[in-house]
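Each chain gets a letter, A, B and so on, in the order the sequences are listed, and its residues count up from 1. Computed from a predicted structure; not experimentally measured.
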2 protein chains.
Amino acid sequence: MTVADEAAILALPFTVRRLRSGAFIAREGDSPQQTCVLLSGFAIRHKLAGDGGRQIFSIHMRGDVVDLHNSLLRWSDHNVQALTEVEAAFIPMSSIKRLIVSHPLVAYLLWYETLVDGSIFREWTLNVGRRDGRARLAHVLCEFALRLKMAGLGEQNDYELPMSQDELADVLALSPVHVSRVIKALSAEGCITKTKRTIRIDNWALLRQIGDFDPRYLHYNGSRG
Amino acid sequence: MTVADEAAILALPFTVRRLRSGAFIAREGDSPQQTCVLLSGFAIRHKLAGDGGRQIFSIHMRGDVVDLHNSLLRWSDHNVQALTEVEAAFIPMSSIKRLIVSHPLVAYLLWYETLVDGSIFREWTLNVGRRDGRARLAHVLCEFALRLKMAGLGEQNDYELPMSQDELADVLALSPVHVSRVIKALSAEGCITKTKRTIRIDNWALLRQIGDFDPRYLHYNGSRG
DNA sequence: CGACGATTTGAAATCAGTCAAGAGCAGTGG
DNA sequence: CCACTGCTCTTGACTGATTTCAAATCGTCG
């Protein structure tokens, strides 16, 4: 990326807004006019099945460009919602589209971000499809630990998981009751200690093994792009 | 897209190769040097869990740019494999990358393709996470019918499903045995008739309802981009 | 204290997986 | 034309994981 590219990014118009927990950033079916970068707090993407079941696809944190997927398509195919109180910068799609055309390297970088996102989606699908409840939870706890650390938001072995067990259930595609039991199981094995929403990882190696966790899918390499 | 953009696409160097069923187009961990457009046949993307379980993420058919996801990242995070005998055009990544930088609108179009792909991924995750076996199968059969029709490869109500029940099991995240039972159940309800690999849809409305299928996630609008 | 929401627990029911055997079908070679 | 082989699919019986329902507990807050 050149100096001119950076300047173009910094010149993008934006407005910062604070959203309450639960506020929708995008709704399925919407035709989105803006995209959004998280400055603080957490957001989720999810979709509802016809019977009301909800599947959460990803959790986003500070620095994530949250809504490129939806924004570049004609209509949103899923919901984006604030999980906690959130501060976010909103950028008009028209500006982004102009930037993409005039600054190919920036476009490439944004595209790259959506591809990494895609890689994480795939791992989650594998997780939900081919691992049992215990492994699923272990995997997600490992991923979250690492991503928080990567974003400079927490300790790998001691962090806040910003969601209720009901929400965790929709991440893991389990029932809330079973989530509770699986947490208990991992605790009993000496992997983790969960008090309220604080996760302490007591045995990283074991948790990683149970969760079949190999962080390569995060495509992390110390920098971005 | 301008005439110059189209010319640039047509000027891309490529080699056409025929691959046997089962041949790998990309392997997890590879550092890919080329991307690939399917000319005939079917390919799948999939990933293996530590215990050997396999999850198939998508099925590709004629016209699909199969490996952009992997190609633009430093290493492949999943496998791409020929499901049937396949004819494909391989294009060096270096050429694609040059094209992306010099022709922003082409980059946008390719990006768009990966986003639509992402939308389908999400629907599959929802499918696997939040629908039971019967609904999962119904959903996938609906999707495949429509995508074949969109690609001009078959009739919506009578088509070849190019995979064994073992492979279907890895699409649906079920066991092969259960796939067999679920097929039987949908047949008994008068939804479908399956003989060998031929699917006849006898009651589209019912199948669609059982599968909770709403095709909007395919982002199809008669043209591309 | 009382109320509410989130979590935990137990028991019963259901869905899907495993194992093992058999059936169907195509290809091969006698 | 008939074994024989190998593969895929089907079936039945059993097991195991997860869901559901309902009740109890816990913690927070007014």
In whole angstrom, give the distance that lies between atom [atom1] of [X] and atom [atom2] of [N].
X      : N      : atom1 : atom2 : answer
A:D166 : C:dC4  : CG    : C1'   : 15 Å
B:K194 : C:dC25 : NZ    : P     : 13 Å
A:R131 : D:dT18 : CZ    : C1'   : 18 Å
B:L186 : D:dT10 : CG    : P     : 13 Å
B:K184 : C:dA23 : NZ    : C1'   : 13 Å
B:R136 : C:dC15 : CZ    : C1'   : 10 Å
B:I183 : D:dT11 : CD1   : P     : 11 Å
A:R197 : C:dA6  : CZ    : C1'   : 9 Å

Return whichever of A:R130 or A:M163 has its heavy-atom-nearest nucleotide of DNA chain C closer to the 5' end.
A:M163

Report yes if a side-chain nitrogen or oxygen of B:K196 is closer than 4.0 Å to either non-bridging phosphate oxygen (OP1 or OP2) of C:dA26; otherwise report no.
yes

Check whether any side-chain nitrogen or oxygen of A:Q165 sits under 4.0 Å from OP1 or OP2 of C:dG5, and answer yes or no.
no

Would you mind telling me which of [options] lies closest to the side-chain atoms of [X]?
X      : options                : result
B:V177 : C:dT7, D:dG12, D:dT19  : D:dG12
B:H178 : D:dT10, D:dT18, C:dA16 : C:dA16
B:D132 : C:dC15, C:dT9, C:dG17  : C:dC15

Has [X] got a side-chain atom pairing as donor or acceptor with [Y]'s backbone, closer than 3.5 angstrom?
X      : Y      : value
A:E85  : A:L19  : no
B:R62  : B:S40  : no
B:R130 : A:K47  : no
B:Q55  : B:V171 : yes
A:R131 : B:G50  : no

Could you tell me whether A:V179 contacts a base, only the sugar-phosphate backbone, or nothing, with contacts defined as non-hydrogen atoms closer than 4.0 Å?
nothing

How would you label the contact of A:S164 with the nucleic acid (heavy atoms, under 4.0 Å): base, sugar-phosphate, or nothing?
sugar-phosphate

DNA chain D: B:R181 or A:L174, which has the more 5' nearest nucleotide?
B:R181

